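Note that ligands are numbered from 1 as they come in the structure, with each ligand's atoms numbered from 1 the same way. Given the structure is predicted, the values throughout are model-derived calculations rather than measurements.
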Amino acid sequence: MCNMAAEHPGGSKIILKFAGKDATKEYDPIHASDIITTHLPKEKHLGPVDTASVEQVIEDQTPDEHRRTLLYAARPPLSDIMNLYDFEVLSRELLPPKTWAYYSSGSDDEIALRENHSAFQRVWFRPRVLRNVNKVDFSHTIMGCKSSMPFYISAMALGKLGHPDGELCLTRAAGKHNVIQMISTFASFTFDEIVDAAAPGQKLFSQLYVNQDRELTRRYVQNAEKRGIKALFITVDAPQLGRREKDMRMKNAADSGNDAGAKVQKGQKVDKGQGHTRAISSFIDPSLNWDDIKWFQGITKMPIILKGIATWEDAVLAVEAGVQGVVLSNHGGRQLDMARSGLEILVEVIGELKKRGLWPNPNFQLFVDGGVRRASDILKALALGASAVGIGKGFLYSYCAYGQEGVEHALKILSDEMEMNMRMLGITRLDELVPEMVDARALTMHTVPSPEHVLYNNTCAFPCYH
Ligand code: 173
């Protein structure tokens with residue numbers, strides 16, 4: 001137990017805080033169910049818990065939990081939800097503050113987070129008219145997989161924090177509506193539990209954080225291939241997790257009470273207030289580099305996509321490394337603050353690949369993620385040359401608020417928006433989308449005022465000082 005506490009990636013404090021108590025509620029969302037069998041040596045498996053000996057914690061709801069329970073019961077009917085932002089507004093009120101802080105936090109001043117949204121606002125349409133747009137078809141092929149729409153559900157960690165069925169809400173809705181889900185390495189459910197929840201023939205992608213223990217990574221990748229995963233998205237923009245300060249502050253607040261943990265920790269080096277992600281991410285290998293790509297190509301036949309490319313220079317290196325594509329992204333504004341939006345990177349990358357005779361390229365795909373909430377966003381990215389886009393938080397918040405039904409409703413909203421926008425753009429199929437249908441001249445101009453006049457109002461944790 002003591003050894004374990006010292007090595008626990010989330011710090012020893014939390015272990016000591018729950019020592020001798022039932023920690024299921026805290027443990028479950030953050031740990032996949034196979035973590036004990038895959039990470040804890042056999043000799044440390046002490047056997048089944050004698051529940052009679054466990055200190056029972058009968059928890060009354062706090063006034064805030066009670067308020068949220070009432071709010072949850074009084075959610076508007078799904079038919080009132082007009083767009084993907086509506087889910088986000090509801091989630092902010094419905095989720096426990098710690099969960100909202102973890103999901104919604106961008107890094108540092110959250111400028112990259114906001115930029116993802118505002119970049120789309122700097123691209124305008126040039127619609128064509130008087131074309132027969134009676135029948136509109138927006139089905140698409142992504143990495144050889146048929147999809148009802150030109151996006152995939154991007155990987156997000158710790159889904160159970162937001163809903164008991166977590167990522168499975170996505171899997172079930174995606175299977176029903178024929179869209180592709182990318183499974184996160186740090187999902188709350190195990191990789192196999194998610195694949196098992198998929199419908200027969202349902203197409204899935206896998207996101208990979210490369211572990212310092214390459215043997216674990218090899219097993220993870222080869223299991224993914226065996227289970228029929230269609231593409232491997234290796235995250236390359238997170239050698240260290242960004243400072244998501246909202247998340248970090250919540251951890252500090254939770255730990256600052258006068259509990260046993262705090263006393264026992266006195267004088268010890270404490271892993272203070274890292275927040276959910278930084279704690280879990282200690283497995284990620286910061287030594288990952290271009291030479292490792294060959295190793296991946298040697299252990300799997302799945303197509304490899306590098307997720308988190310932010311410059312044309314690295315896109316060229318990716319082509320040269322022989323991978324099948326890249327995701328142009330700033331990691332939802334959660335990594336390097338002020339890294340540009342995927343949309344802006346896309347225009348730069350295509351220009352430079354063209355100059356080098358590397359574009360168009362049937363063997364290399366460009367994906368974009370970050371800030372996508374509307375079909376108009378998707379169409380802008382496709383017009384500018386993206387093969388497809390990734391949507392994460394839009395779907396995350398839809399299941400936080402309404403479970404699987406919420407995800408299905410989000411898909412229906414996007415489908416309606418796709419049809420309407422394509423008609424008004426003057427196209428009936430996605431291959432009719434051309435760069436001339438957008439005006440992206442302002443994309444590289446970063447002079448748009450940020451939505452909040454005083455940035456620190458957004459990141460400050462001490463509202464009484466406002
Ligand atoms: O953005 C994230 O939160 C993320 O990528 C992550 C990384 C490690 C653990 C959990 C989440």
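- If you number the atoms of ligand 1 from 1 as listed, the ones under 4.0 Å from a heavy atom of Ala157 come out as 10 (C), 11 (C).
- Not a single donor-acceptor pair under 3.5 Å links the side chain of Arg334 to the backbone N or O of Arg244.
- Between Phe364 and Trp359, the two ring planes are perpendicular [angle over 60°; tilted spans 30° to 60°].
- Between His331 and ligand 1, at least one N/O pair is under 3.5 Å apart.
- Within ligand 1, counting atoms from 1 as listed, the ones closer than 4.0 Å to a heavy atom of Arg334 are 1 (O), 2 (C), 3 (O).
- Between Asp64 and Arg67 there is a salt bridge, since at least one side-chain N of the basic residue sits less than 4.0 Å from a carboxylate O of the acidic one.
- Under 4.0 Å from ligand 1, the heavy atoms of Leu241 that appear belong solely to its side chain.
- Using cut-offs of 30° and 60° for the angle between ring planes, the Phe367 and Phe233 rings count as tilted.
- Side-chain contact, Gln121 with Ser118: no donor N or O sits under 3.5 Å from an acceptor N or O.
- Set against the non-hydrogen atoms of Tyr209, the atoms of ligand 1 under 4.0 Å away are 4 (C), 5 (O), 6 (C), 7 (C).
- For Arg244, the closest heavy-atom approach to ligand 1 falls below 4.0 Å.
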